[in-house]
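Right, one structure below, let's go through it.
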Amino acid sequence: MLAGCFGDGGSESQAEASESSGDPVSGGELQWGGSVPVQSLDPHLESAAATARVLESVTQGLIRVNWDYEFEPLLAESWESSEDNTVLTFDLREGVSFHDGSEFTAEDVYASFTRIEELGGVAADYMEMVESMDPVDDYTFEMELSEPFAPMLSRMATSDMHILPASLAEESSISEPIGTGPFQFESMEVDSEFVMTRFEDYWDDELPYLDRVVKNEIPDNDNRLNTFNAGEVDFINDVPPRHAGELEDDPDIDFVNRFPQSLVYLGVNCNEEPFDDIDARLALDYAIDKKEVMEGALYGQGQVAASPAAPDSEWEHPTLEPREQDLEKAQEHLEAAGYPDGFEVSFQIPEQYNDQVTAAEIIESQVSEVGIDLNIQLITWSNWLGDVFEEQNFEATTSSYLALWFPDAGFHRPFHSEGAFFFTGWEDEEYDALIEDARQSYEMEERAPLYHEAAEMLQERRSGHILLYWTPTLMASTRNFQGEVMSPDGSTFRFEETWLE
């Protein structure tokens, strides 16, 4: 991970957008109108962004990324790597308490990482690269890798590798997280409310400022915006794109547009007919006008995607363009696949993501011109996670993943056959080998071209992900909500340095 991998896309931070009337103020309860309900609170086993958004303030990792996309100390005060990049040694912060009053030590790090490995956590594939771990003493932790592995520190900077008390790490599932963060978990009602409160013994004596953060689960875009306009919440995320202009022009509101947040894709099941045939996948790809989809779903607030690399990053292919709509070629591939009159499949869409619902409706109309019939089925996010992602019981779907700052997140997790987010069944040994080579390279000059080649491969071999568009983070808050709530990954929130005037 190198500094400056993201461009800021001309976005404006909340801190920059707001004109504070003074220094931070302690106290107060923030009412947050959230877009996607939290379903699970296990940092190691839950892959949904909604979980990471709240756990960023409750649990913590050894390090995290700052706004220059460099690593900064968190529970580790410092760290060093051996000359051959196979041994990582962390000097841990002393005097840190968990929310249950227990002291943070190297044993907690060991237990947390062991849990990820043994339970097959979201970062389990990273733990496969670990040869051994050693809590050398209370405040020294050592990890030996089986070979050089460039993305390890980047992954440690995400909630997937946050540290839990050793006693909690023994549990196979977690419903009440305990961490070292500035806020502690208080309560959760699924699909209704999540509450966290100030941790009085937080290791940074000056933080946090807020006493309480209440996330009101309001998945419907219009209801969420109406609730905000009625003054019932102080802050909302995922502002409906069609309302971005009016909010941006409102002098009584702080509006934030940060790009990119996530990559939206159309996923197909490559293990089942018709999409086990590359020609059927190419036919669908050629039948889609991706620019029209983006314009309709995001009202022009996004960008059409060509590769999994974040826009304006070093990893982005310099010349690769999205596949353009070509109905004649779509028909040719339908005939090659043995479906000259088209085919009919189910199209399962997570109903909480309003832009994806709109995108699906546009795509349904577009592809019908060549006889492809996509039957839209709106499903809950929990059903998507269970039926589509875990059970692979689907034909076509849409979803997204966060535009994290390190390329392994985009190229390995969804596309590599052993990636944590792999579910479409598209397997390519040459692609897997290429990504594995990129993981061992630490020099930008060597590593970036490997990802450029991988992006070409995904498009040419028509992987199970048809990339659609990059979305921005659109947020709005009242003028009295101050400080930077966004974190550098484009989606997660950090509430410790925010306050209410």
Side-chain angles (χ1 to χ4, degrees), residues 11-18 28-39 48-57 183 188-196 209-210 212-262 297-299 301-302 350-358 381 400 402 471-487 489-501:
S11 62
E12 188 176 34
S13 74
Q14 181 175 332
E16 293 168 335
S18 304
E29 176 178 290
L30 176 72
Q31 293 291 329
W32 165 21
S35 58
V36 180
V38 179
Q39 301 292 329
T51 296
R53 284 174 180 166
V54 296
L55 289 184
E56 181 76 9
S57 298
F183 292 90
M188 182 177 81
E189 295 181 26
V190 176
D191 296 327
S192 178
E193 181 183 83
F194 173 89
V195 182
M196 55 186 170
Y209 302 122
L210 294 167
R212 204 163 181 256
V213 176
V214 178
K215 184 190 181 200
N216 303 273
E217 307 288 17
I218 315 174
D220 182 80
N221 272 350
D222 291 331
N223 287 345
R224 189 167 60 259
L225 182 58
N226 290 338
T227 301
F228 174 72
N229 287 332
E232 296 176 23
V233 295
D234 306 293
F235 158 67
I236 58 171
N237 64 292
D238 289 345
V239 167
R242 68 181 183 277
H243 294 291
E246 63 192 65
L247 291 177
E248 192 169 17
D249 295 335
D250 191 329
D252 297 323
I253 291 173
D254 281 338
F255 177 76
V256 180
N257 181 337
R258 191 180 297 287
F259 183 83
Q261 176 196 22
S262 59
L298 298 180
Y299 290 76
Q301 295 288 326
E351 61 187 1
Q352 284 94 336
Y353 291 93
N354 295 273
D355 68 289
Q356 291 181 37
V357 173
T358 301
W381 178 238
S400 63
L402 299 183
T471 71
T473 294
L474 303 179
M475 304 184 298
S477 68
T478 58
R479 283 284 179 177
N480 67 324
F481 180 44
Q482 298 289 326
E484 176 63 82
V485 69
M486 280 299 303
S487 68
D489 69 9
S491 177
T492 308
F493 301 142
R494 296 176 182 172
F495 290 94
E496 69 262 35
E497 294 189 43
T498 66
W499 69 94
L500 290 169
E501 289 189 333

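The NE2 atom of His243 lies 13.0 Å from the CG atom of Asp250; values are rounded to the nearest 0.5 Å. Separation of atoms CZ (Arg494) and CZ (Arg53) is listed at 14.5 Å; rounding is to 0.5 Å. If you take CG on Asp355 and CG on Asn221, they are separated by 8.0 Å, rounding to the nearest 0.5 Å. Distance check: Asn216 CG to Glu193 CD gives 6.0 Å after rounding to the nearest 0.5 Å. Summarising the geometry, atom CE belonging to Met486 is positioned 9.0 Å from atom CG belonging to Asn237; distances are rounded to the nearest 0.5 Å. Going from atom CD1 of Ile218 over to atom CD1 of Ile236 covers 8.0 Å, rounded to the nearest 0.5 Å.
Side-chain atoms of Phe493 and Val213, non-hydrogen and from C-beta on, never get closer than 4.5 Å to each other. Taking 4.5 Å as the limit, some side-chain heavy atom of Ile253 sits within range of a side-chain heavy atom of Phe228. Taking 4.5 Å as the limit, some side-chain heavy atom of Phe255 sits within range of a side-chain heavy atom of Leu474. Residues Leu30 and Leu500 form a side-chain contact, since some pair of their non-hydrogen atoms from C-beta on lies under 4.5 Å apart. Looking at Asp191 and Gln39, their side chains come closer than 4.5 Å, going by heavy atoms from C-beta outward. Using a 4.5 Å cut-off on side-chain heavy atoms (C-beta onward), Val54 and Phe183 make no contact.
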message = Before you tell me yes or no, could you show the steps for Glu232 and Thr227 under side-chain contact (heavy atoms from CB on, under 4.5 Å), namely the whole-Å CA-CA distance, both residues' side-chain angles and the distance that decides it to 0.1 Å?
response = CA-CA 6 Å; Glu232 296 176 23; Thr227 301; 3.6 Å; yes
request  = Evaluate the criterion side-chain contact (heavy atoms from CB on, under 4.5 Å) for residue pair Asp222 and Arg242; output intermediate values, then yes/no.
outcome  = CA-CA 10 Å; Asp222 291 331; Arg242 68 181 183 277; 2.3 Å; yes
task = I would like to know whether Asp254 and Phe481 meet side-chain contact (heavy atoms from CB on, under 4.5 Å); could you show each step before the answer?
result = CA-CA 9 Å; Asp254 281 338; Phe481 180 44; over 6 Å; no
query = side-chain contact (heavy atoms from CB on, under 4.5 Å) between Glu248 and Asn257: does it pass, once the steps are laid out?
reply = CA-CA 9 Å; Glu248 192 169 17; Asn257 181 337; 5.8 Å; no
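By the side-chain contact (heavy atoms from CB on, under 4.5 Å) test, Val36 is found to be paired with Ala50, Tyr353, Trp381, residues two or more places apart in sequence or in another chain being considered.
When all heavy atoms of Ala297 and Pro241 are compared, the closest pair comes out as O-CG, 4.1 Å. Annotation for Ala52 and Thr492: closest pair O-CG2, 3.4 Å, computed over non-hydrogen atoms. Here the closest heavy-atom approach between residue Gly33 and residue Arg224 is recorded as O-CD, 3.4 Å.
Taking the six-membered ring where the residue is Trp, Phe495 and Phe235 present perpendicular rings, their angle passing 60° and hence far from 30°.
Using a distance-only test at 3.5 Å, with no hydrogens or angles considered, no donor-acceptor pair links the side chain of Thr498 to the main chain of Val485.
Using a cutoff of 4.0 Å between basic side-chain nitrogens and carboxylate oxygens, Arg479 and Asp252 are not scored as salt-bridged.
For the side-chain contact (heavy atoms from CB on, under 4.5 Å) with Pro37, the qualifying choice from Lys215, Gln352, Glu189, Met188 is Gln352, the only one to do so.
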